[in-house]
Amino acid sequence: PFRVLSSARPLIQPAESHQSLPLYLTALVSLQPIGITGLRLGAAGNGSFYLAGTVESNTRCNTTSGGRVNRCTDVLVARFLDSGEPVFLTRLAGTYHDQPYALSMAGNGDLLVTGSSDSADFPATAEAVQPTNAGPVGPGSNFAAPPFGDGFVSRIDGADGNLLYSTFYGLPNTAETVTAVSAANQVLIAVNGESLALLDASLSRTLARIEAPGGSILQGSLASNGEVTFWDGRAGALARLGPGLGERKYTFGLGLKDQSSSENLLRLPNGNTLVAWTQGALTNPDRVVYLSEIDAEGQRELWRTEVAPKATAVTSIVREVSGDILLLLNTTMAAVPTTEDALLRATCAGDQSSSVVLQRYSAKGDLLYSTYLPVEVRSLSVPAAAGGQTITGIDSASLAIHQIRFDKPTTPRLACVTGGATRVVATAIAPGQIIALLGAGFGSTGTSVYVNQVRAPLLYVSDGQINAIVPYEGVEPG
């Protein structure tokens, strides 16, 4: 299902190097037909990125009410060089629906992928903590609602893609999903958002497990010293446990109980934690997303920044070698603040569509850069060796891997052209139609727009947007 785009063309040509301004995106790999659920970059210097996703299997699985036959899904884990060349593609397949949910990398470079399986024959190794699927198993009543059997955890060699260890994880006749994974010397998993479990490196023993009925445990992170940091949704708080899921070292309240949630969290090398979180229930139209740093002892909130209002989610949070913080936002709002040097200061998506915003903050939470992106990137990683020059992301719409380069432009940057001077991307233009060109660096004077080499009348010109009329002599009717 993978196709390397060997002649991928940058959206906008690169210019002189600079570390703060994104200039263009390059599609490296086409991934259809596949759904992507995780992206990780390799250890510094190995020049690779890894992804996990779903691909249709060859098994006839479900039939919808309209009689259309759908295929089941398999798990696919892949490694690519930074150039986009594939190194390995590993397929983990049972008879029915097998779906990955999270991907993580262990300290030695092994990959941990987790998810759910409806298959009795999904691969599990002999010494697995749970070698059989306790069910329910089978194809499900329809494609959208399979029975969802047990969760699974699989460990794959990051060098050659060989399956090292794999286990089911769940209770009899209860649908489970392993929704998150974090790996150091041991393996931490989150199950159904209701429990955290600590497994040994070979996935053969459960070392510890804690329960929290009601779906309150989210976003677990395992440090090399064995400490676990997670979001306690019931308390609206960040919490930390000692090694072995032992004593609770702290619970630091950030929001209202049962009305706050963690969008993402990241433990820093000094023991502090970055957490992107929302204040307000999911259905509250006035909820706000914040970014905070909590000290290693859980005693102080060092700083808090309001990231974005209302219908916004933080899909990725990463920290660069420089200490700067990158956030990737998914929003339906057209009013997320952008900076003057943004690649795109307004969204190219439709009014009711989701848009993607990339933001950079200083280590103290000061906004340095904010821009809309013209592609639907949903996951983000930063290679340590790149020094902040390149980030890699997944475009969930075109199912492609993109490199987002940071360079300083010397010419205006055109991000998209829309029809009717609205945010709905046009598929065609007609004589007399008002169009909008969105981007940055246009300037307010001395600007011209040509359609088929015919100069177009301008209605509005600013640094980030130009409204023009398609000339009648420039485009033939129809």
Query - Closest approach of Tyr101 to Ser116 (non-hydrogen atoms, all atoms of both residues) - result: CE1-OG, 3.7 Å
Query raised in the report: Judged by atom type as modelled, is there a donor-acceptor pair below 3.5 Å linking the side chain of Gln130 to the main-chain atoms of Gly170?
Result: yes
Query raised in the report: Hey, does the side chain of Tyr50 reach the backbone of Gly158 with a donor-acceptor pair shorter than 3.5 angstrom?
Result: yes
Query raised in the report: Any donor-acceptor pair under 3.5 Å linking the side chain of Ser119 with the backbone of Thr95?
Result: yes
Query raised in the report: Hey, what do you get for CG (Leu207) to CG (Asp200), rounding to the nearest 0.5 Å?
Result: 5.5 Å
Query raised in the report: Between CG of Leu327 and CG of Leu367, what distance do you get to the nearest 0.5 Å?
Result: 9.5 Å
Report task. Give a yes or no on this: more than 12 heavy atoms of other residues, nucleotides or ligands lie within 6.0 Å of atom CZ of Arg300. Result -> no
Query raised in the report: Which residues pass the side chain to side chain contact (heavy atoms under 4.5 Å, CB included) test with Glu227, sequence neighbours left out?
Result: Asn225, Arg240, Pro243, Lys249, Arg267
Query raised in the report: Which heavy-atom pair separates Thr251 from Ala237 by the least distance, and what is that distance?
Result: CG2-CB, 3.6 Å
Query raised in the report: When rounded to the nearest 0.5 angstrom, what distance separates CG in Leu368 from CG in Asp324?
Result: 5.5 Å
Report task. Answer yes or no: is there a side-chain heavy-atom contact under 4.5 Å between Leu111 and Met105? Result -> yes
Report task. Find the distance between CG (Leu92) and CD1 (Ile156) and round it off to the nearest 0.5 Å. Result -> 4.5 Å
**Report entry** Minimum heavy-atom distance Val113-Pro100, with the two atoms named
**Finding:** CG2-CB, 3.9 Å
Requested in this report: Test Ile210 against Leu241 for side-chain contact (heavy atoms from CB on, under 4.5 Å), laying out the working first.
Outcome: CA-CA 11 Å; Ile210 59 173; Leu241 303 177; 3.5 Å; yes
Requested in this report: Give a yes or no on whether the backbone of Tyr169 and the side-chain of Asp150 come within a donor-acceptor separation of less than 3.5 Å.
Outcome: no
**Report entry** Stepwise side-chain contact (heavy atoms from CB on, under 4.5 Å) test for Ile189 and Val191
**Finding:** CA-CA 6 Å; Ile189 59 174; Val191 184; 4.0 Å; yes
Query raised in the report: Can any side-chain N or O of Ser370 pair as donor or acceptor with the backbone N or O of Pro337 at less than 3.5 Å?
Result: yes
Query raised in the report: Would you find a donor on one side and an acceptor on the other, under 3.5 Å apart, between the side chain of Tyr372 and the backbone of Thr338?
Result: no
Requested in this report: Assess whether side-chain contact (heavy atoms from CB on, under 4.5 Å) is satisfied between Leu164 and Leu203, documenting all intermediate values.
Outcome: CA-CA 10 Å; Leu164 301 175; Leu203 309 180; over 6 Å; no
**Report entry** Heavy-atom closest pair, residues Trp303 and Glu293
**Finding:** NE1-OE1, 2.8 Å
Report task. To the nearest 0.5 Å, tell me how far Asn162 CG sits from Thr90 OG1. Result -> 7.0 Å
Report summary line: Rounding to 0.5 Å, atoms CG (Asn133) and CG (Asp121) come to a distance of 9.5 Å
Query raised in the report: Under 3.5 Å, is there a donor-acceptor pair between the side chain of Thr73 and the main chain of Gln99?
Result: no
Report task. Return the set of residues passing side chain to side chain contact (heavy atoms under 4.5 Å, CB included) with Ser292 (not counting sequence neighbours), or none when no residue passes. Result -> Leu254, Val275, Trp277, Ile294, Glu301, Arg304
Report task. List in chain and number order the residues that pass side chain to side chain contact (heavy atoms under 4.5 Å, CB included) with Ala201, two or more places apart in sequence or in another chain; answer none if no residue qualifies. Result -> Arg155
Query - Heavy-atom donor-acceptor pair, Asn272 side chain to Leu268 backbone, under 3.5 Å - result: no
Query raised in the report: Do Ser166 side-chain atoms and Thr125 backbone N/O form a donor-acceptor pair below 3.5 Å?
Result: no
Requested in this report: Tell me, please, which residues at least two apart from Lys364 pass salt bridge (Lys or Arg N to Asp or Glu O under 4.0 Å).
Outcome: none
Query raised in the report: Does some side-chain heavy atom of Val318 sit less than 4.5 Å from a side-chain heavy atom of Leu266?
Result: no
Query raised in the report: For Asp295, which residues count as a side-chain hydrogen bond (donor to acceptor under 3.5 Å, both in side chains) partner, sequence neighbours excluded?
Result: none
Requested in this report: Indicate the ring-plane relationship of Phe49 and Phe80, choosing parallel, tilted or perpendicular according to the 30° and 60° boundaries.
Outcome: parallel
Report summary line: Contacts of Thr167 meeting side-chain hydrogen bond (donor to acceptor under 3.5 Å, both in side chains) (sequence neighbours excluded), chain-then-number -> none
